Amino acid sequence: MTPNPPEKPPLDSKPRLRYDAQLATSIEAEWQDRWDREHTFWAPNPSGSLGDGFEALKDRRSVYVLDMFPYPSGAGLHVGHPLGYIGTDVYARFQRMTGANVLHAMGYDAFGLPAEQYAVQTGQHPRVTTEANIANMRRQLRALGLGHDSRRGVATTDVDYYRWTQWIFLQIFNSYYDDALDRARPITDLVAEFESGERDARSLTDGLAWADLDDLKRRILVDSFRLAYVGEAPVNWCPGLGTVLANEEVTADGRSERGNFPVIRRPLKQWMMRITSYADRLIDDLDLLDWTDSIKLMQRNWIGKSIGAEVTFGVELHESLEIKVFTTRPDTLFGATYMVLAPEHELVDALVPSEWPGSQLDDAHSEIPLAWRGVFGAEVSPPEAVRRYRAFASSKSELERQAEGTVKTGVFTGAFAVNPVNDERIPIFIADYVLAGYGTGAIMAVPAHDDRDFAFAREFDLAITPVVEPDEKWLSENGVSSSDASNWIEAFTGVGVAMASANSEISLDGLDTPNAKAAITAWLEAEGLGHATTTYKLRDWLFSRQRYWGEPFPIVYDETGLPIALPAEQLPVELPEVSDFAPRISEDPEALPEPPLSRAGDWLEVELDLAGPAWAGLGGGPKRYRREVNTMPQWAGSCWYYLRYLDPQNVDALVDAGVERYWMDSARGDGVHAAGGVDLYVGGVEHAVLHLLYARFWHKVLFDLGHVSTVEPFQRLFNQGYIQAYAFTDERGVYVEASEVVERDGVWYLGDEVVNREYGKMGKSLKNVVTPDDIYNDYGADTLRLYEMFMGPLDASRPWSTTDIVGVHRFLQRLWRNVINEETGEVNVSETPADDESLRLMNRTILAVRSDMESMSFNTAIARLFELNNHLTTVVAANGSAPREIAEGITLMVAPLAPHIAEELWSRLGHPETLTYEPFPVADETLLVVDSIEVPIQVNGKLRSRVTVSVSADAATLEAAARADEKVAELIEGATVRKVIAVPGRLVNFVLG
RNA sequence: GCCCGGAUGGCGGAAUCGGCAGACGCGACGGACUCAAACUCCGUUGCCCGAAAGGGUGUGCGGGUUCAAGUCCCGCUCCGGGCACCA
């Protein structure tokens, strides 16, 4: 296949077939059409509707290469977006040439807020905008020559796709977590256990057995076990977006990650997913994955596992009250000198006395230090002080809370707790440094060994009692002693030897921290005062949103107000048409948010005849139900798209089991890849906790229920860097069009005006966007691909520089000219064998390029190809033609990086078939052997000369050769050679005395 | 505050195990071609001294280990990212 020569004669004296933008883009368009026509990148499945052609490839290994699911933005792509897509395409093409059946596809994460907000403003249905955006993005990506299997490019908004998203939701809803087996099981198993008495319900139902429960109580009990459940909990309500958000979607300063709107905490009934049941497996299985340590660490930190103990404290004058605290340092229990409850803690009201205890109002005789009463003074009663403090604490925004840093506030409640190990009476405070949502919402404060408690104790003049002997280094650095903490300037939080920790039954004194923890925990358990326990920062995943443009839940409610799952046969639940896409936000901050679907008229109610057990309200004949009006979050669709790529047309299952195993399980069992899953997953680091945690969770549920064969979805994760760009501001500080700025002598000018250079993301607001369309118009797609891969390592961020592109463009031009006569279009290769030097260089190049391709070091692979091409240029200049074996070798090696020009050259070199499945060149070992090498000679570690010796030269030979070198001889003459280091194949170093 | 990652020419970046720092590209400079320019091709290019030969110096800063350090160790600075009272 050859392109038609340009029809018009060239305007100037430019050779007719010079590889310029015009020729490049015409070659590219023709090859893109041919790849489509010939289904070049269709990866056959082992069976099913996409199984055609598998027989021919059945002996190949399977490789699944995946890009993170893009959102089809209305703004289109800039050159930063395709960086990862080009990287995966190069990798995928290399894999095909080294004998793999490669699955590489691209779909669209198309539900989401921007299309909906646009709809709210314009009345345009989000589906219309979404489809237009997808079409534009497809066009832009196609022009890059990405080898995607177009049959697999699903969009989350396709009804055929979200039908299966809903189906997965049903699986999760209809499951519970069996803690004993440590996996999810069908909820029917749980019901069977209750019915048979195998599982005792009584501890959960005020002592009633399953048989004694009425239908409603049975449903509530069973619902409380489901992995997807409706829970009432403080959630992140974002009035600016009119919806609730997951913890992961809220930034540290209490704003929405999208849109940067304020987020407030309020209790609401919402759908939750029991991801916390998987916390341990989500941490442990990280060990099986080829991910960077930093991403693994971010996931571990987010899950936030803490191993410690729960300890029960009594309350003075309240025999019936018990306060449970969580601590990771039970060994410091003897050092607890006060206790703190979160201001919202449920026991606060019960234990606060109406008056300050005893005679404390009289400062002269008070046993209560003045400081304890905090800011409100002595004339305020405890309930009023608590009320005022709560008001003060809840009025603070997250930002204010942070701004205050380590300044601790709080108020004494007037009540005392009793330390169970020594019966000491310790004051109970409320303070907002203790969080209601973590642990038990209460702590024992050990100021000697905890920074926060130390700061609070100093603020409130509370006792600081050391119970762990600090190490000498700490004591001397701080200039203090372990016996008296009065002049300590910080807490000792390290491990050490326990001291002053004994009662009549147990002594921790002399034990190191781990042993002291074990001893006290055992004692607490024996005494019934506490037990070992583990807590997590991870909360259950808030799964409902008050939006229109998302997946409807396959859930209806009956008259009890409890949810009922629709049977899978009734899927999909399609989004109804509505006229108003905006969530309604009431002026009343306490009012419930009103999702757009709650105004969807007829859709809201449905008459169904649902089969099932009577206790669950089913099987009673046709009945009217009300639909769930929330929709799923955008993460839902992106939690499993990689599974649908495998089998996108399957109407019977989300993915066929055999197909799933073929692609997903292939990476296992080679001794390195323990978990299986996608062979290579490339995307930005911004999904480190959100998408990657949710997807792993869903995958594990599907694994537990037998729908997928691997424990993890993504075996190898690669985080690509970002392409950033310079932006320029004028003297008013206003951004100016970056493409019009020029540099003269290190100063930047827009016209004659000096402008200021900044550096940041590419975007409309900085006026520094460069689009792929711009670049392929000016240079062609191969040049763009090559430049993006050449700029630096794929995982590093780097600045875009349009001026640097000419380097790679010149490379392609030179390659073209080495093979094709620019004037005549004739192939300019010779059939005579290449000279020895050229062959050796090519084989060294093959070796290096192969290894660089495998490690995705595309920048250095390209550098090696530059060198080979530059050498070939000199050969062509000398001989008038390129040796065929070199021309073909370099063409094949360039193919993964710049596939269009490579296909065109390959075709012109006389090969009718695409080179997509040609074997990648293999280095000839015999041509890699060298017999002599140049070795550096150092004197006192400084490079002074070089000698050429045989590769096999041993240390003595090497030293002799070095001594024979004229320059070296001169330098060591007369000096005492104290030592000679001669490393064969490396260097010689003479150390003079 | 804590935890990660990074710092190499004018710029983007190379450099297996500690063994010739600066591959490759851009830019700059010089030359060829051209009436001229662009394109293309050839050459030079870390910095300092020197006409040259050559010498000195050099991988954020300060120490150290070593025959030898961009690479290892200790102490900092700055930049990027994550977490942020998680008991």
Side-chain angles (χ1 to χ4, degrees), chain A residues 12-15 18 20 252-253 292-298 300-302 304-306 308 325-329 332 340 398 401-402 404-408 431-435 437-446 449-453 455-456 493 535-538 685-686 688-689 722 743 745-746 786-787 790-793 795-808 810-811 813-814 817 822 851 857 859-867 870 873-874 877 934-946 978-983 985-992:
Chain A
D12 50 24
S13 59
K14 177 180 73 100
R18 168 152 295 170
D20 58 9
D253 57 350
T292 60
D293 288 340
S294 70
I295 296 276
K296 289 185 182 183
L297 195 69
M298 282 161 74
R300 283 201 184 92
N301 288 344
W302 189 264
K305 181 177 183 171
S306 291
V325 303
F326 173 73
T327 176
T328 55
R329 291 295 298 271
T332 62
V340 185
E398 292 289 331
R401 220 172 266 231
Q402 282 168 60
E404 281 163 21
T406 54
V407 177
K408 299 279 183 291
D432 65 359
Y433 84 91
V434 173
L435 308 174
Y438 182 79
T440 61
I443 61 154
M444 63 174 204
V446 185
H449 305 296
D450 181 279
D451 294 327
R452 297 149 301 183
D453 297 344
F456 189 86
T493 58
T535 65
Y536 303 87
K537 271 171 66 182
L538 183 70
V685 72
E686 74 273 19
V689 286
Y722 293 98
E743 190 234 310
D745 301 324
L786 206 56
Y787 174 62
F790 184 61
M791 291 166 82
D795 56 1
S797 293
R798 58 317 265 291
W800 178 263
S801 169
T802 300
T803 56
D804 288 0
I805 294 175
V806 293
V808 292
R810 284 205 275 255
F811 162 78
Q813 223 165 42
R814 212 172 295 154
R817 192 166 44 236
E822 287 186 338
S851 123
S857 308
N859 55 330
T860 49
I862 293 166
R864 298 289 85 79
L865 292 167
F866 266 103
E867 287 173 325
N870 289 344
T873 304
T874 65
E934 196 181 56
V935 172
I937 312 298
Q938 297 179 342
V939 176
N940 283 339
K942 286 185 179 167
L943 179 71
R944 293 301 177 188
S945 186
R946 297 185 175 86
R978 207 149 48 83
K979 197 171 175 185
V980 181
I981 318 287
V983 184
R986 284 288 184 197
L987 89 168
V988 183
N989 187 9
F990 292 93
V991 186
L992 305 184

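These numbers were taken from a predicted model, which means no experiment stands behind them. To find a chain, count down the sequence lines: A is the first, B the second, and so on, and within it residues start at 1. The basis for the numbers below is simple: all heavy atoms, side chains too, and nothing from hydrogens, waters or symmetry mates.
- When each of rC26(B), rC83(B), rC39(B) is scored by its nearest atom to the side-chain atoms of Arg18(A), the top-ranked nucleotide is rC39(B).
- Residue contacts shown for Arg817(A) are limited to sugar-phosphate atoms, with no base heavy atom under 4.0 Å away.
- Of the candidates rA23(B), rG25(B), rC26(B), rA23(B) carries the atom nearest the Glu867(A) side chain, counting heavy atoms from C-beta on.
- Here Leu943(A) contributes atom CG and Asn989(A) contributes atom CG; the two are 10.5 Å apart, rounded to the nearest 0.5 Å.
- One interatomic measurement links the two molecules: CG of Leu297(A) to C1' of rC2(B), which rounds to 11 Å at whole-angstrom precision.
- Residue Ile981(A) has its side chain nearest to rG19(B) when only rG25(B), rA23(B), rG19(B) are considered.
- Heavy-atom nearest nucleotides on RNA chain B were determined for Thr535(A) and for Arg946(A), and the one closer to the 5' end corresponds to Arg946(A).
- Rounded to an integer number of Å, the gap from CZ of Arg798(A) to C1' of rA7(B) is 17 Å.
- Atom NE2 in His449(A) sits roughly 19 Å away from atom C1' in rC85(B) (whole-Å rounding).
- Going from atom CZ of Arg946(A) over to atom CG of Leu987(A) covers 11.5 Å, rounded to the nearest 0.5 Å.
- Lys305(A) NZ to Thr535(A) OG1: the interatomic distance, rounded to the nearest 0.5 Å, is 10.5 Å.
- rU34(B) and rC41(B) have their C1' atoms separated by 13 Å, given to the nearest Å.
- With distances taken from any side-chain atom of Thr803(A) to the nucleotides rC26(B), rC83(B), rG19(B), the minimum falls on rC26(B).
- A straight line from NZ of Lys942(A) to C1' of rG55(B) spans 10 Å, rounded to a whole angstrom.
- rC17(B) is unpaired under the Watson-Crick or G-U wobble criterion, no partner having all donor-acceptor distances under 3.5 Å.
- Among the protein residues, Val434(A) comes within range of the nucleic acid bases, having at least one heavy atom under 4.0 Å from a base atom.
- Under the 90° criterion around 0 for the glycosidic angle, rC17(B) counts as syn.
- Base pairing analysis places rG46(B) opposite rU57(B); the two distances defining the Watson-Crick or G-U wobble pair are each below 3.5 Å.
- Rounded to a whole Å, the CG atom of Asn940(A) is 17 Å from the P atom of rC20(B).
- Of all nucleotides listed (rC83(B), rG25(B), rA87(B)), rC83(B) comes nearest to the side chain of Lys537(A).
- Distances shown here put every side-chain N or O of Arg944(A) at or beyond 4.0 Å from the OP1 or OP2 atom of rC20(B).
- Separating the C1' atom of rC67(B) from that of rC79(B) is a span of 36 Å, rounded to the nearest Å.
- For rG9(B), the glycosidic angle deviates from 0 by 90° or less, giving a syn base.
- Contact annotation for Asp293(A): no contact, since no heavy-atom pair falls under 4.0 Å across all strands.
- Across all non-hydrogen atoms, the minimal contact from Ser306(A) to Thr328(A) is CB-CG2, 3.9 Å.
- Between Lys979(A) and Leu987(A), the one whose closest nucleotide on RNA chain B sits nearer the 5' end is Leu987(A).
- The side chain of Arg986(A) lies closest to rG19(B), out of rA23(B), rC26(B), rG19(B).
- Remark: rG5(B) base-pairs with rC79(B). Criterion, Watson-Crick or G-U wobble with two distances under 3.5 Å.
- Straight-line distance from the CD1 atom of Ile862(A) to the C1' atom of rG12(B): 13 Å, rounded to whole Å.
- Across all strands shown, rC39(B) remains unpaired; no Watson-Crick or G-U wobble contact has both distances below 3.5 Å.
- Pairing for rG10(B) goes to rC26(B), judged as Watson-Crick or G-U wobble with the two contacts each under 3.5 Å.
- Straight-line distance from the CG atom of Asp451(A) to the P atom of rA84(B): 18 Å, rounded to whole Å.
- Remark: the separation of the P atoms in rU71(B) and rG9(B) is 15 Å, to the nearest Å.
- To the nearest whole angstrom, the two P atoms, one in rA21(B) and one in rG60(B), are 16 Å apart.
- Within 4.0 Å (heavy atoms only), Ile443(A) reaches at least one base atom of the nucleic acid.
- Heavy atoms of Gln938(A) sit under 4.0 angstrom from at least one base atom.
- Residue-level contact check: Thr328(A) touches the backbone only, with heavy atoms under 4.0 Å from sugar-phosphate atoms and none from bases.
- Phe790(A) comes within 4.0 angstrom of a base, heavy atoms only.
- Using Watson-Crick or G-U wobble geometry with both donor-acceptor distances under 3.5 Å, rG62(B) finds its partner in rC74(B).
- Among the nucleotides rG12(B), rC83(B), rC20(B), the one closest to any side-chain atom of Trp302(A) is rC83(B).
- For the atom pair OG1 of Thr493(A) and CG of Asp451(A), the computed distance is 5.0 Å after rounding to the nearest 0.5 Å.
- One finds the CE atom of Met444(A) at 8.5 Å from the CG atom of Asp453(A) (value rounded to the nearest 0.5 Å).
- If you take atom C1' in rG55(B) and the same atom in rC72(B), they sit 31 Å apart, rounded to whole Å.
- On a pure distance criterion of 3.5 Å, a polar donor-acceptor pair joins the side chain of Asn989(A) and the base of rC67(B).
- With P as the reference atom, rU65(B) and rC83(B) are 42 Å apart, rounded to whole Å.
- Straight-line distance between the C1' atoms of rA28(B) and rC20(B): roughly 27 Å, to the nearest whole Å.
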*After noting the C-alpha distance and the side-chain angles of Phe866(A) and Phe790(A), does the key distance pass the ring-ring contact (aromatic ring centres under 6.0 Å, His included) rule?*
CA-CA 11 Å; Phe866(A) 266 103; Phe790(A) 184 61; 5.3 Å; yes
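- Between Arg810(A) and the phosphate of rU40(B), there is a side-chain N or O to OP1/OP2 separation shorter than 4.0 Å.
- Ile443(A) contributes atom CD1, which lies 6.5 Å from atom CG of Asp450(A) (distance to the nearest 0.5 angstrom).
- A cation-pi arrangement is found for Lys408(A) relative to Tyr433(A), the charged atom lying closer than 6.0 Å to the ring centre and inside a 45° cone about the ring normal.
- With rA14(B), rC85(B), rA87(B) as the choices, the nucleotide that has an atom nearest any side-chain atom of Phe326(A) turns out to be rA87(B).
- The gap from the P atom of rU44(B) to that of rA53(B) amounts to 14 Å, rounded to the nearest Å.
- Between Tyr722(A) atom OH and rG6(B) atom P the separation is 17 Å, expressed in whole Å.
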